[in-house]
Amino acid sequence: MAATENRVLLESVTVDFPIYDAAARSLKRRLVLDKMSGLMAAKAPNVGGSVRENRQGVIIVRALDSVSFELVEGDRVALIGHNGAGKTTLLRVVAGIFEPTIGNVRSDGRVMPLFNLTEGMSPDETGIEMIQVRGTLLGLSGQEIADRINDIAEFCELGEYISMPVRTYSTGMLIRLGFAITTSVTSEILIMDEFISTADAAFMERAEARLKGFVERANIMLLATHSASIARQWCNKGMLLEHGRVVEFGSVDAVLETYDRISKRHG
Amino acid sequence: MRRQISLAIDDVLAGARHWRIWYILGISELRQRYRRSTLGPFWITLSMAVQVAVMGLLLAYLFSIPIGRYIPFLCISIVTWSFLSTSINEGATCFIQMNAVILQVKRPLSTYVMLVLWRNAIIYAHTIIIFAVAAFAFQIVPTLPYLLIPAGLGLLVLNVSWMALAAGLLSARFRDVPMLIQNAFNVLVWLTPVYYQPEQLGPRTRLIIELNPLTYVLDVARAPFLNNLPPAFAWFAALGVALFGWLLTFALLVRTRARVPFWL
């Protein structure tokens, strides 16, 4: 553990996205831009940030609009909002993948973003190779990986399969392996796009215990989710994002209520 | 601006510090590429050996050069050139191809360039065997110039790394660049003395290859293997290109580093 307190601090963070694909010159560009702003105003009031065009004629989408907040140790925040509200962008900013166009971000602590459990998995690698590659991608050292191989293999109940190519695994085995590798890592600041799902029913109970340990080892968690039950079960705070702005940051229940109200208003 | 400069320096240093990432990924990629084949990466060795044998016999005859002199030259020439051109071409697409990973984990951009260089260095090590065999067959006995091999290879890597990084950064934004580079290399292989020696050209045609910086980069990495001492000018040219190229590429990195993820 780091000596300093873990903390995430965002100060009026704005993120602009250039969209080059849509920047075809002249008429076509005009049409796209008009259509997009029209769409936003009328049909889909919850979707996306503002769209404009810069001087070079490149279309700019404002994905986050002066977002400020602070997360301290013990915060487990459910990030809630409609598709396109900027949730993934915000997670990427906290993870340091996107640097803000305007404003400042500080993340003190070891950050582990989790967007995909099976990243870096290829069918021809054996279970052990898989653990080594994915463990390295998640930032583990060679020694740390060696220490964990037995624990992971045991948890997955893979037995002899651990040294077979993963394409011989059933879907359940593969998910279990990805899950076990990921949850063997300790992250001070945990960032997740949708909660880890374990699908396999027989495996659920043991998975739950392991997951609990994994989440509890993290000092701060920021979890983007659409599920109210997951938000209530795992989080102690909620943050509502709309059009790239933080509309509400408070208790999970209050935020979910506001979210429902907004969703209903727009049908 | 000051902040962006120090972040760019950090990017390169952190890429080197986290060498385990590209070390393991490079090995894992090659392992996958040749999984279940008996020869594995030696397939590259074999295919290059066949290419060198056929080309070597034919061109030695056309150029009227004794085989014993031409074939070792062609071996080391092709091995070195293919490291250079493959690294730059793969460097151009390295950020585009790794987009899923780049958008998932914060990692220095230089990691992905080092991954390309490392992978091609492994391939270089597999293909240099062809030269070793040719050198043995044609009785090339290592003498003093062999001591310059590390310096020559060092300059090669220094040059290839800035070219690959610059190609990658430009390609992330302008998607025509990879195709442009690929086509440029189809021509460059003839405008650089890869298959022939500069002395075979007349003084006026020679000017073209003398203006081509790749000539010197190739020469300092190749000549010591053949017991030749590259002229001092070649060393200065290769070093000059490396410094100047890195300066430009670094300026490009300062400007584009933070934007690359948005372009993917």
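Numbers restart at 1 for each chain; the letters A, B, ... are given by sequence-line order, proteins then strands.
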Original post:
How are the rings of B/F262 and A/F17 set relative to one another: parallel (under 30°), tilted (30 to 60°) or perpendicular (over 60°)?
Top reply: perpendicular
Toward chain A, the part of [X] with a non-hydrogen atom under 4.5 Å:
{"X": "B/I24", "value": "side chain"}
{"X": "B/R259", "value": "neither"}
{"X": "B/R175", "value": "neither"}
{"X": "B/L7", "value": "side chain"}

Please report the interatomic distance [atom1]([X]) to [atom2]([Y]), rounded to the nearest 0.5 Å.
{"X": "A/E129", "Y": "B/Q32", "atom1": "CD", "atom2": "CD", "value": "8.5 Å"}
{"X": "A/T126", "Y": "B/R31", "atom1": "OG1", "atom2": "CZ", "value": "7.0 Å"}
{"X": "A/L140", "Y": "B/R20", "atom1": "CG", "atom2": "CZ", "value": "8.0 Å"}

**OP:** Kindly give the heavy-atom pair with the smallest separation between B/I21 and A/T136, and that separation in Å.
**Re:**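 Looks like CD1-O, 3.5 Å.
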Original post:
Taking all non-hydrogen atoms of both residues, which atom of A/I97 and which atom of B/P261 are closest, and how far apart?
Top reply: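 Smallest heavy-atom distance, with atoms named: O-CG, 3.5 Å.
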[X] atom [atom1]: more than 12 heavy-atom contacts under 6.0 Å:
{"X": "B/F244", "atom1": "CZ", "answer": "no"}
{"X": "A/R167", "atom1": "CZ", "answer": "yes"}
{"X": "B/F185", "atom1": "CZ", "answer": "yes"}
{"X": "B/R255", "atom1": "CZ", "answer": "no"}
{"X": "A/R245", "atom1": "CZ", "answer": "no"}
{"X": "B/Y23", "atom1": "OH", "answer": "no"}

Subject >> Engaged part of A/T101 at the chain B interface, taking heavy atoms whose separation is under 4.5 Å >> reply: neither
